Engineer: 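One structure coming up, written as structure tokens, with questions to follow.
Nothing here was measured: the structure is a model prediction, and the numbers come from that model. We count ligands from 1, going down the list as the structure has it; atoms in each ligand are counted the same way.
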Amino acid sequence: MPYLYYPFEPEPLLYSYSALEPYIDTETMRVHHSRLLQGYVDHLNETLANSPELQRQSITQLLKDPMTLPNDLRQSIINYGGGVYNHNFFFASLKPGSEENAPSGYLAQAIEQRFGSFDDFQKIFKDMAMDVFGSGWLWLVKNHNGRLYLVQTANQDSPISQGWQPLIGIDLWEHAYFLQYLNLREEYIDNWFKVIDWERADKMYRTY
Ligand code: MN3
């Protein structure tokens, strides 16, 4: 599994760069996956180049408890390892879109119980995503008790470092939308909702 262990490679997309049109455009996907994710992968490999013990750990093991990492490598692993994990998760959590896209299965019920309705969930999610200042992410996560939360993370900090299992997560760095939407983050969020793979999110909700 070259994308789970050193030397890391970007996880291949399960769809083409153009598959998320018109919601996320081809060029954004190409740059985001083939250049930006590749950059995080290269930097992570460089960071681990002289650390055989760390090379044996999977990406989730590396990020699970950053305080256990060596002081001199910790922040690089948080930044680049987080960049690798978060982006692989992000790309795998999307699929060709539809206007009626909505949660399904047990997760749909859990979202209704927790947030009132899918509409209410979307409103809260969007407010919190608009509220992320600078570069960061917003995630729907499940904690160890099975409860759903919306959590913001800064930079490339990963929710798994807090013990959260992400179900969906939106990349709010400008590189994720600027080519297509310029500074219109709100429009990007609305359209990103159309390409979420809710079946995958439900499977993760049931599995973890
Ligand atoms: Mn990104």
Engineer: With sequence neighbours excluded, give me every side-chain hydrogen bond (donor to acceptor under 3.5 Å, both in side chains) pair touching residues 182-193.
Structural biologist: Lys126-Glu186, Lys126-Asp190, Tyr177-Arg185, Tyr181-Asn191
Engineer: Do Asp65 and Thr68 pass the side chain to side chain donor-acceptor pair (under 3.5 Å) test, and can you show the C-alpha distance, the side-chain angles, and the key distance before you say yes or no?
Structural biologist: CA-CA 6 Å; Asp65 190 2; Thr68 63; 4.7 Å; no
Engineer: Which label fits Phe121 and Phe118: parallel for a plane angle under 30°, tilted from 30 to 60°, or perpendicular past 60°?
Structural biologist: parallel
Engineer: Got a sec, which residues hit side-chain contact (heavy atoms from CB on, under 4.5 Å) with Thr207, two or more places apart in sequence or on another chain?
Structural biologist: Lys203
Engineer: Below 2.8 Å, which protein N, O or S atoms neighbour the Mn ion (ligand 1), ignoring water?
Structural biologist: His32 NE2, His87 NE2, Asp171 OD2, His175 NE2
Engineer: Would you please name every residue forming a side-chain contact (heavy atoms from CB on, under 4.5 Å) with Glu46, sequence neighbours left out?
Structural biologist: His43
Engineer: Quick one: does NZ or CZ of Arg147 land under 6.0 Å from the six-membered ring centre of Phe115, within 45 degrees of the ring axis?
Structural biologist: no
